[in-house]
Chemist: 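The structure under discussion is supplied below as structure tokens; questions concerning it will follow.
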Amino acid sequence: MLSTLPRAGWRLQSVLGQDAAPQLPDRAQAADAVGRFLALREFRSRLYRCLTARPDALFELCDAILCADHAVTSLVQLSLEAPFTRGHGALYDALAVGGIDEEAFAALLTAALPLQPGGEAERAWIGEHDVIDDRLLESALAGLPPGDAAAVRQACARWRRLRFAIDATPYPQPDAECSPEREHVHHDACRCDGTRKTIPGWEYQFVAAVGHLRTAWTALIDVERTAKATRTSQTARQVRNLLRRAGAAGHTRDGCAPLVILDAGYSAAGLTASLAGQPVHLLLRLPSGSVFYGDPVTWPGRNGRPPRHGIPVTCCNDPSAAHPEPQEPLILPGTPLYGTVRVDAWRPVHPIVHGDRGWFKDNWHGELPILPGTVLRVLAEHLLPGAEDSYVDGVHGADVVAC
């Protein structure tokens with residue numbers, strides 16, 4: 001193919017009447033394009049093998065969704081897309097009786113993540129794709145001394161820990177009264193009264209690989225339909241599946257356990273207990289009313305049962321309340337967007353676990369555990385419009401690790 005390019009270039013010159021010498025394509029760019037094409041062809045071939053029933057119609061349906069130049073609001077509209085060569089009856093038939101090997105599909109998505117075990121190739125990929133919009137990093141570091149700004153940039157460059165985010169999204173079905181297993185799910189645009197913000201429908205929980213910096217780059221690798229009663233168990237299962245598939249795909253990194261990030265609404269204690277012994281770090285946003293306790297204080301000659309809980313840490317409720325002094329506070333003065341930013345840490349601290357509530361009610365027998373972790377409090381001098389005054393994140397490790 002490349003040998004025909006100069007001849008085609010001479011023919012083009014004769015038509016345009018130009019005398020300049022033909023420009024040969026760059027060999028590195030050509031090799032990169034060929035490599036991308038072969039990787040895409042291999043991915044599509046493996047995707048097709050994941051479809052166990054009605055594979056042709058389902059495969060064309062995927063192409064139709066990807067090639068649609070408009071928001072997909074109707075299934076029958078997808079049958080009008082050029083990649084879908086069948087009628088609308090085949091589309092509904094594929095969705096009704098088609099089959100997907102879910103484990104093989106999730107393993108394919110995990111293996112296709114653009115994550116390499118370190119090296120120049122990974123840093124080059126991150127530099128090209130994992131970028132900050134509007135140069136937010138540079139603007140945030142503009143007010144810092146040059147030495148501190150260089151230290152932050154080096155820390156970002158050395159960050160090798162894989163990061164994954166887990167969150168749920170509602171799928172409203174207010175008019176599908178016969179749909180099975182509907183619940184009231186949270187939805188800001190619901191048609192309910194008052195401030196309940198719920199609507200009948202389903203809730204789907206996604207697992208996605210996220211970038212190192214503030215960016216819109218994500219890669220979905222797993223999804224399950226969840227329910228409030230089983231959310232902790234399903235989340236723990238998704239994390240274990242993630243670790244297993246990432247290990248099989250060669251994405252593990254010595255000394256760097258993956259970091260799984262979750263928003264408020266997840267049980268830090270339940271996830272920590274259910275993932276005990278797994279090589280993973282958990283970062284969860286904590287509710288404002290969370291209370292944690294330090295190690296118990298005892299002394300020689302003290303009578304009675306040994307205490308299990310020490311001094312409470314109530315920084316989640318009221319940052320100005322009395323609580324133990326944080327260890328190693330980090331202060332970033334003069335940041336352009338937030339002013340002075342202070343990060344406090346308390347470790348090790350643990351919550352009080354109730355055996356008759358949540359995940360522990362049906363999954364734990366015997367003496368309730370002590371689940372140590374780290375509480376981080378981030379306080380900013382001023383926040384962007386619409387942001388909360390303060391928020392608290394808790395870092396929990398399945399095997400008592402701290403961030």
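Values below: all heavy atoms of this structure, side chains included; hydrogens, waters and symmetry mates excluded.
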Chemist: Determine all donor-acceptor pairs shorter than 3.5 Å in which one atom belongs to a side chain in residues 259-267; sequence neighbours excluded.
Modeler:
residue	atom	partner	partner atom	Å
Y266	OH	Q205	OE1	2.8
S267	OG	G270	N	2.9

Chemist: Would you say that T226 contacts T230 through its side chain, given a criterion of any heavy-atom pair below 4.5 Å between the two side chains?
Modeler: no
Chemist: Please identify each residue that fulfils salt bridge (charged side-chain N to carboxylate O under 4.0 Å, His left out) with D32, with sequence neighbours left out.
Modeler: R36
Chemist: Around atom OH of Y171, are there more than 12 heavy atoms of other residues, nucleotides or ligands at under 6.0 Å?
Modeler: no
Chemist: Once salt bridge (charged side-chain N to carboxylate O under 4.0 Å, His left out) is applied, what residue pairs with a partner in residues 348-361 remain, sequence neighbours excluded?
Modeler: none
Chemist: Can we say R44 and D63 salt-bridge, meaning some charged N sits less than 4.0 Å from an Asp/Glu carboxylate O?
Modeler: yes
Chemist: Applying side-chain hydrogen bond (donor to acceptor under 3.5 Å, both in side chains), name anything that partners S79, two or more places apart in sequence or on another chain.
Modeler: none
Chemist: With heavy-atom distances below 4.5 Å as the criterion, would you say the side chains of V349 and T374 are in contact?
Modeler: no
Chemist: With a 4.5 Å limit on heavy-atom distance, are the side chains of L242 and P258 in contact?
Modeler: no
Chemist: Using side-chain hydrogen bond (donor to acceptor under 3.5 Å, both in side chains) as the criterion, point out the one residue from R41, E42, R49 that pairs with S45.
Modeler: R49
Chemist: Which of these passes side-chain hydrogen bond (donor to acceptor under 3.5 Å, both in side chains) with E203: K228, H184, R231?
Modeler: R231
Chemist: Can you check whether L91 reaches V76 side chain to side chain, under 4.5 Å on heavy atoms?
Modeler: no
Chemist: Under the 3.5 angstrom rule, does the side chain of Q234 hit a backbone N or O of R225 as a donor-acceptor pair?
Modeler: yes
Chemist: Which residues satisfy the ring-ring contact (aromatic ring centres under 6.0 Å, His included) test with F105, sequence neighbours excluded?
Modeler: none
Chemist: Identify, with sequence neighbours excluded, every residue that meets salt bridge (charged side-chain N to carboxylate O under 4.0 Å, His left out) alongside E177.
Modeler: none
Chemist: Under the ring-ring contact (aromatic ring centres under 6.0 Å, His included) rule, collect the residues that match up with H354, sequence neighbours excluded.
Modeler: none
Chemist: Is the number of heavy atoms from other residues, nucleotides or ligands under 6.0 Å of H88 NE2 greater than 12?
Modeler: no
Chemist: With E103, which residues qualify under side-chain hydrogen bond (donor to acceptor under 3.5 Å, both in side chains), at least two apart?
Modeler: R244, R245
Chemist: Classify the angle between the aromatic ring planes of W359 and W364 as parallel (below 30°), tilted (30 to 60°) or perpendicular (above 60°).
Modeler: tilted
Chemist: Return the set of residues passing ring-ring contact (aromatic ring centres under 6.0 Å, His included) with F206 (not counting sequence neighbours), or none when no residue passes.
Modeler: none
Chemist: Taking only residues two or more places apart in sequence or in another chain, which ones pass side-chain hydrogen bond (donor to acceptor under 3.5 Å, both in side chains) with R182?
Modeler: none
Chemist: Got a sec, which residues hit side-chain hydrogen bond (donor to acceptor under 3.5 Å, both in side chains) with R308, two or more places apart in sequence or on another chain?
Modeler: none
Chemist: Are the side chain of H350 and the backbone N or O of P369 linked by a donor-acceptor pair below 3.5 Å?
Modeler: no
Chemist: If a pair satisfies salt bridge (charged side-chain N to carboxylate O under 4.0 Å, His left out) and one of its residues is in residues 82-95, list it, with sequence neighbours excluded.
Modeler: R54-D93, D56-R86, E60-R86
Chemist: Which atoms form the tightest heavy-atom contact between R342 and P326, and what is the distance?
Modeler: NH2-CG, 4.2 Å
Chemist: With heavy-atom distances below 4.5 Å as the criterion, would you say the side chains of I370 and H309 are in contact?
Modeler: yes
